[in-house]
Undergrad: 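A single structure is presented below for examination.
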Amino acid sequence: MTISIYDTLAGKKVPLETIEPGLVKLYVCGITAYDFCHIGHARSALVFDMIVRYMRYRGYKVKFVRNFTDIDDKIIKRAAEQETTCEELSERFIAKFREDMAQLKVDDPDIEPKATEHVPEIIEMIQELIDKGMAYPADGDVYYRVDRLKDYGKLSGRQLDEMQAGARISVNEIKENPMDFALWKSSKPGEPTWDSPWGPGRPGWHIECSAMSRKYLGDTFDIHGGGKDLIFPHHENEIAQSEGATGAPFARNWIHHGFVTIKDEKMSKSLHNFLTIREVLADHHPEVLRLFMFSTHYRTPLDYSEQALHDSALGLERLYSCVAAIGELSGSVGGTSAISAEDREKISGLVKRFVQAMDNDFNTAHGLGMVFETVKDLNRIRQQLPSDPAAEDVEFLQALSCKIRELCRIMGLLTEPAAEYLKNRQQGELAGLAISSEEIEKLIAERKQARLEKNWGRADQIRDLLLEKEIELKDSAEGTTWKITKKG
RNA sequence: GGCGGCGUAGCCAAGUGGCUAAGGCAGAGGUCUGCAAAACCUUUAUACAUCGGUUCGACUCCGAUCGCCGCCUCCA
């Protein structure tokens with residue numbers, strides 16, 4: 001069995017075949033740093049975090065590069081608006097991005113190069129393209145000669161003439177062909193600028209990724225990733241630049257993830273329908289957001305709603321509760337063994353089924369289904385355990401519980417001690433309520449006394465009183481516990 | 001206009017050319033409980049947008065239709 005991935009270039013699922021056995025070279029387009037990141041950016045980070053973790057879980061070494069674009073039209077514009085420098089602005093938002101990633105517990109890539117730190121490599125590549133006749137200087141700019149690459153458009157499935165028939169192409173008198181795109185832009189006064197053979201200027205939008213991926217991963221590497229909206233023109237142009245300059249194939253496989261939508265529309269600044277990562281994290285545990293993201297396949301659009309996050313929070317609690325309950329079990333040698341061979345076999349198949357699901361283009365939704373199915377079985381078995389469970393049974397359940405944690409960790413789930421998570425969740429929610437845990441405990445003690453006296457009226461009264469304050473009581477043999485009620 | 005994707009139960013969401021169409025949330029009944037809650041058990045799609053075609057057999061392949069969305073301009 002091997003991992004199969006949906007490759008945008010091939011237009012179908014292909015087996016992962018790395019250039020060097022056992023090593024995956026991965027380049028992902030990171031953010032343009034000029035504003036806070038929204039949850040669409042979070043999806044990108046989370047998806048590739050999961051993909052890298054899964055490939056490592058499956059035994060691959062992964063060299064993961066994700067860049068920062070820190071020079072660009074939007075950055076220049078925003079810096080001017082805020083009366084600051086491009087450098088200050090981009091550094092500020094790179095720092096914010098790092099904070100967001102830390103909150104989400106996203107692992108750092110191996111290399112995080114910045115465009116402004118690779119201007120010599122960029123200039124060198126542009127010069128190669130000019131030397132090969134693939135690009136031409138014009139008035140201090142340099143443009144890529146799009147019709148010189150025979151298969152331009154192969155990634156996005158477009159033909160040059162079809163695109164030219166479209167209405168929305170920027171008119172620019174100095175270009176030979178309206179589809180030609182800028183590799184180098186001459187700088188206006190006050191803009192960041194670097195010296196170049198074509199005069200002072202700055203890199204165009206796409207060239208930095210070509211130059212940086214080449215530097216860190218070589219002319220040809222395994223996988224290039226990003227959001228679906230980057231397919232055209234960004235990734236198409238990267239291919240044109242890199243293959244035009246090196247003559248070698250660029251990335252072998254392309255992974256593109258879907259968007260986060262709100263009310264089924266793509267989040268975007270112009271529609272004002274985006275939520276920043278920090279806004280969402282203010283109200284939701286990072287693992288809740290992760291479970292939400294991974295309950296849908298990465299290529300499918302994901303519609304954000306508070307209801308969906310709420311459902312995910314319950315799902316996560318279900319996972320943690322199962323792990324916590326199993327952690328509390330203890331068995332004894334010579335105790336009663338009660339787990340059937342059938343159950344043992346079924347549950348033991350979890351890892352195999354999970355891997356099958358994930359090998360199929362990182363189908364986390366399916367993989368999570370396998371985990372939840374096992375949780376259901378584990379809960380049932382635990383409930384049916386005799387009062388003197390055998391040590392071997394308890395060990396079996398605990399071993400499975402460990403497996404669940406191990407698999408969930410690929411998605412960044414169940415990373416906290418279960419009891420702690422459940423307790424923190426409770427206290428976090430309590431902060432928003434009009435009652436303290438001391439008061440609750442006091443009422444529980446009073447109710448316990450009432451129940452001993454079989455004063456059911458008073459006992460129920462206390463329970464209802466707490467319920468009004470959104471506290472739900474649970475009686476069990478070990479005593480009474482409480483939790484916040486699940487409200488909408 | 002060009003290119004691409006999607007349409008599965010109340011909601012979210014996997015999946016397969018034929019074997020019981022995963023899982024989560026919500027709902028119903030039950031076990032447990034003084035009564036509850038939690039947990040567990042059972043249950044909830046004669047059916048996978050519509051219409052045709054291929055096939056012994058399609059939700060799964062092909063074509064058309066309708067609806068939704070994305071890219072073609074900055075975008076994760």
Side-chain angles (χ1 to χ4, degrees), chain A residues 8 11 28-32 34-35 37-48 72-74 77 153 156-159 161-170 179 205 225-234 236 256-261 264-270 274 291-292 295-297 299-303 305 307-308 310-316 318-319 321-322 325 353 357 360 363-377 379-384 451 454-457 459-460 463-464 467 471-477 480-483 485-486 488:
Chain A
T8 309
V28 172
C29 287
I31 59 160
T32 298
Y34 73 105
D35 204 344
C37 289
H38 57 62
I39 55 179
H41 298 107
R43 188 177 197 192
S44 179
L46 256 13
V47 161
F48 287 106
D72 153 89
D73 290 352
K74 292 190 296 297
K77 183 161 174 262
S156 54
R158 291 157 209 267
Q159 308 284 321
D161 47 353
E162 279 169 2
M163 285 188 279
Q164 284 164 6
R168 296 192 280 182
I169 294 170
S170 63
M179 290 308 296
W205 174 34
K228 277 190 158 129
D229 47 0
L230 295 181
I231 296 173
F232 192 91
H234 186 56
E236 196 69 72
H256 291 101
H257 65 260
F259 305 124
V260 178
T261 60
D264 293 324
E265 282 187 320
K266 183 186 171 188
M267 274 191 194
S268 76
K269 307 257 171 183
S270 53
F274 63 92
L291 180 61
F292 167 66
S295 56
T296 298
H297 182 83
R299 280 189 283 115
T300 305
L302 179 61
D303 200 50
S305 69
Q307 181 62 47
H310 172 259
D311 289 354
S312 295
L314 292 183
L316 185 63
R318 183 171 164 81
L319 295 177
S321 298
C322 173
R353 286 181 291 145
N360 182 15
N363 195 333
T364 51
H366 198 190
L368 280 167
M370 303 290 115
V371 170
F372 274 106
E373 198 179 355
T374 304
V375 163
K376 192 174 182 175
D377 289 330
N379 281 339
R380 171 175 50 82
I381 292 166
R382 194 197 80 234
Q383 188 102 359
Q384 290 167 353
R451 292 180 74 205
K454 297 206 189 297
N455 182 353
W456 308 127
D460 290 352
R463 190 175 63 208
D464 293 344
L467 199 57
I471 304 297
E472 201 168 75
L473 297 181
K474 294 193 280 184
D475 294 331
S476 75
T480 300
T481 57
W482 55 273
K483 68 187 291 182
T485 53
K486 295 162 183 173

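Nothing here was measured: the structure is a model prediction, and the numbers come from that model. Below, read A as the first sequence line, B as the second, and so on, with proteins coming before strands; counting in each chain starts at 1. No hydrogens, no waters, no symmetry mates; every other heavy atom, side chains included, goes into these values.
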Undergrad: Hey, mind stepping through Leu314(A) and Arg318(A) against side chain to side chain contact (heavy atoms under 4.5 Å, CB included) and telling me if it holds?
TA: CA-CA 6 Å; Leu314(A) 292 183; Arg318(A) 183 171 164 81; over 6 Å; no
Undergrad: Look at Thr8(A) and rG4(B) and indicate whether a side-chain polar atom (N or O) is within less than 4.0 Å of OP1 or OP2.
TA: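 No, no such contact exists.
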Undergrad: Determine the Euclidean distance between corresponding C1' atoms of rA13(B) and rG18(B); express it in Å to zero decimal places.
TA: 25 Å
Undergrad: Checking contacts here: which listed nucleotide (rC25(B), rC72(B), rA76(B)) is nearest the side-chain heavy atoms of Leu314(A)?
TA: rC25(B)
Undergrad: So what does Asn363(A) touch, heavy atoms closer than 4.0 Å: a base, only the sugar-phosphate, or nothing?
TA: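 Sugar-phosphate contact only - Asn363(A) comes under 4.0 Å of backbone atoms but never of a base.
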Undergrad: Write down the partner of rA28(B) under the Watson-Crick or G-U wobble criteria, each distance required to be under 3.5 Å.
TA: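 Matched rA28(B) with rU42(B) under the 3.5 Å cut-off.
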Undergrad: Check the distance between rA21(B)'s C1' and Glu373(A)'s CD and give it to me in whole angstrom.
TA: 13 Å
Undergrad: Considering every strand shown, what is the Watson-Crick or G-U wobble mate of rG7(B) when both distances are under 3.5 Å?
TA: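 Because both required distances fall under 3.5 Å, rG7(B) counts as paired with rC66(B).
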Undergrad: Considering every strand and a 4.0 Å limit on heavy-atom distances, what is the contact class for Ser321(A): base, sugar-phosphate, or nothing?
TA: nothing
Undergrad: Just call it for Val47(A): base, sugar-phosphate, or nothing, with non-hydrogen atoms closer than 4.0 Å on any strand.
TA: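 Result for Val47(A) = nothing.
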Undergrad: Nearest-nucleotide wise, let me know which of Glu265(A) and Asp460(A) is further upstream toward the 5' end of RNA chain B.
TA: Asp460(A)
Undergrad: Under the criterion side chain to side chain contact (heavy atoms under 4.5 Å, CB included), I'd like the reasoning laid out for Leu319(A) against Phe372(A): C-alpha separation, chi angles, the key distance, then a yes or no.
TA: CA-CA 8 Å; Leu319(A) 295 177; Phe372(A) 274 106; 3.7 Å; yes
Undergrad: Measure NE2/His256(A) against P/rG4(B) and give the value in whole Å, please.
TA: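 His256(A) atom NE2 is separated from rG4(B) atom P by 15 Å.
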Undergrad: What is the distance, to the nearest angstrom, from the CZ atom on Arg158(A) to the P atom on rG4(B)?
TA: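 It works out to 10 Å between those atoms.
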Undergrad: Side-chain contact test, heavy atoms from C-beta onward, threshold under 4.5 Å: evaluate it for Arg451(A) versus Asp475(A) and give yes or no.
TA: yes
Undergrad: Whole angstroms only, please: what is the CG-P distance between Leu291(A) and rA13(B)?
TA: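 Distance check: Leu291(A) CG to rA13(B) P gives 13 Å.
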Undergrad: Quantified in whole Å, what is the P atom distance between nucleotide rG4(B) and nucleotide rA39(B)?
TA: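 Looking at atom P only, rG4(B) and rA39(B) are 47 Å apart.
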Undergrad: So Ala308(A), base contact, sugar-phosphate only, or nothing? Heavy-atom distance under 4.0 Å.
TA: nothing
Undergrad: Has Trp456(A) got its ring stacked on the base of rG34(B), with centres under 5.5 Å and planes less than 30° apart?
TA: yes
Undergrad: Check this for me: does the side-chain of Asp264(A) come within 3.5 Å of the base of rC6(B) through a donor and an acceptor?
TA: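 No, the side chain and the base share no sub-3.5 Å donor-acceptor pair.
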Undergrad: Checking only heavy atoms, does the side chain of Asp229(A) share a donor-acceptor pair with the base of rG70(B) at less than 3.5 Å?
TA: no
Undergrad: Between rA76(B), rG24(B), rC72(B), which one does the side chain of Phe232(A) approach most closely?
TA: rC72(B)
Undergrad: What I'd like to find out is whether the side chain of His297(A) reaches to under 4.5 Å of the side chain of His366(A), using heavy atoms alone.
TA: no
Undergrad: Is there a side-chain contact between Thr364(A) and Thr296(A) (heavy atoms, below 4.5 Å)?
TA: no
Undergrad: Looking at the side chain of Met370(A), which of rG23(B), rA14(B), rA22(B) is the nearest nucleotide?
TA: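 Nearest listed nucleotide: rA22(B).
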Undergrad: Under the salt bridge (charged side-chain N to carboxylate O under 4.0 Å, His left out) criterion, do Asp229(A) and Lys266(A) qualify, and how do the steps go?
TA: CA-CA 11 Å; Asp229(A) 47 0; Lys266(A) 183 186 171 188; 3.5 Å; yes
Undergrad: Under 4.0 Å between any heavy atoms, over every strand shown, what does His257(A) touch: base, sugar-phosphate, or nothing? Just pick one.
TA: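 If one applies the 4.0 Å heavy-atom cut-off, His257(A) turns out to touch a base.
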Undergrad: Checking contacts here: which listed nucleotide (rA14(B), rG34(B), rA76(B)) is nearest the side-chain heavy atoms of Arg451(A)?
TA: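 Between rA14(B), rG34(B), rA76(B), the one nearest the side chain of Arg451(A) would be rG34(B).
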Undergrad: Which whole number of Å gives the distance between the P atom of rG24(B) and that of rC41(B)?
TA: 10 Å
Undergrad: For Gly227(A), which contact category applies under a 4.0 Å heavy-atom criterion: base, sugar-phosphate, or nothing?
TA: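 Answer is sugar-phosphate: Gly227(A) comes under 4.0 Å of backbone atoms only.
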Undergrad: Hydrogens and angles aside, do Asp72(A) and Thr32(A) bring a side-chain donor and acceptor to less than 3.5 Å of each other?
TA: no
Undergrad: If the cut-off is 4.0 Å, is His366(A) near the phosphate of rA14(B), judged by side-chain N/O to OP1 or OP2?
TA: no
Undergrad: Assign Lys74(A) to base, sugar-phosphate, or nothing according to its heavy-atom contacts below 4.0 angstrom with the strands shown.
TA: sugar-phosphate
Undergrad: Take the protein atom CG of Asp311(A) and the nucleotide atom C1' of rG10(B), then report the distance between them rounded to whole Å.
TA: 12 Å
Undergrad: Using the closest heavy atom to pick a nucleotide of RNA chain B for each, name whichever of Gly457(A) or Met267(A) lands nearer the 5' end.
TA: Gly457(A)
Undergrad: Please give the nucleotide sitting opposite rC71(B) as a Watson-Crick or G-U wobble pair, both distances under 3.5 Å, or none.
TA: rG2(B)
Undergrad: Could you go step by step and tell me if Leu302(A) and Arg43(A) meet the side chain to side chain contact (heavy atoms under 4.5 Å, CB included) rule?
TA: CA-CA 9 Å; Leu302(A) 179 61; Arg43(A) 188 177 197 192; 3.6 Å; yes
Undergrad: Could you tell me how far rG7(B) sits from rG15(B) if I compare only their P atoms? Round to whole Å.
TA: 10 Å
Undergrad: With sugar-phosphate meaning primed atoms plus P, OP1 and OP2, does Ser268(A) contact a base, only sugar-phosphate, or nothing at under 4.0 Å between heavy atoms?
TA: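 Nothing, no heavy atom under 4.0 Å.
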Undergrad: What integer number of Å spans the P atoms of rG30(B) and rA49(B)?
TA: 36 Å
Undergrad: Any base atoms under 4.0 Å from Arg463(A), or only sugar-phosphate, or nothing? Heavy atoms, all strands.
TA: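 Here Arg463(A) touches the bases of the nucleic acid.
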Undergrad: Between Met267(A) and Ile39(A), is any pair of side-chain heavy atoms under 4.5 Å apart?
TA: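 Sidechains of Ile39(A) and Met267(A): in contact.
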Undergrad: How would you label the contact of Leu473(A) with the nucleic acid (heavy atoms, under 4.0 Å): base, sugar-phosphate, or nothing?
TA: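 Base, at least one base heavy atom under 4.0 Å.
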Undergrad: With C1' as the reference atom in both, quote the distance from rC32(B) to rC25(B) in angstrom, rounded to an integer.
TA: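 Approximately 24 Å lies between the C1' atom of rC32(B) and that of rC25(B).
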Undergrad: Is the closest side-chain donor-acceptor distance between Gln383(A) and Asn379(A) under 3.5 Å?
TA: no
Undergrad: Please list, for nucleotides 40-42 of chain B, all pairs of protein and nucleotide N/O atoms separated by less than 3.5 Å.
TA:
unit_1  : atom_1 : unit_2    : atom_2 : d
rC40(B) : OP1    : Arg318(A) : NH1    : 3.4
rC40(B) : OP1    : Asn379(A) : ND2    : 2.4

Undergrad: Need one value for His38(A): base, sugar-phosphate or nothing, where a base atom within 4.0 Å counts as base even if backbone is also close, heavy atoms only.
TA: base
Undergrad: In whole Å, what is the span from the CG atom of Asp475(A) to the P atom of rG34(B)?
TA: 9 Å
Undergrad: Would you kindly give the CZ-to-C1' distance between Arg299(A) and rG5(B), to the nearest whole Å?
TA: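 Atom CZ in Arg299(A) sits about 10 Å away from atom C1' in rG5(B).
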Undergrad: Using Watson-Crick or G-U wobble geometry with both distances below 3.5 Å, tell me the partner of rG18(B), or none.
TA: rC56(B)
Undergrad: Quick check for you: among rG2(B), rU16(B), rG24(B), whose closest atom lies nearest to any side-chain atom of Asn360(A)?
TA: rU16(B)
Undergrad: Given that both distances must come in under 3.5 Å, which nucleotide forms a Watson-Crick or G-U wobble pair with rG34(B)?
TA: none
Undergrad: I'd like the P distance from rU20(B) over to rA37(B), given in whole Å.
TA: 35 Å
Undergrad: Who pairs with Ser156(A) by side-chain contact (heavy atoms from CB on, under 4.5 Å), at least two apart in sequence or on another chain?
TA: Arg158(A), Ile231(A), Phe232(A), Glu236(A)
Undergrad: If you measure from the P atom in rC12(B) to the same atom in rC69(B), how many Å do you get, rounded?
TA: 15 Å
Undergrad: Provide, to the nearest angstrom, the distance between the NE2 atom belonging to His41(A) and the P atom belonging to rC74(B).
TA: 15 Å
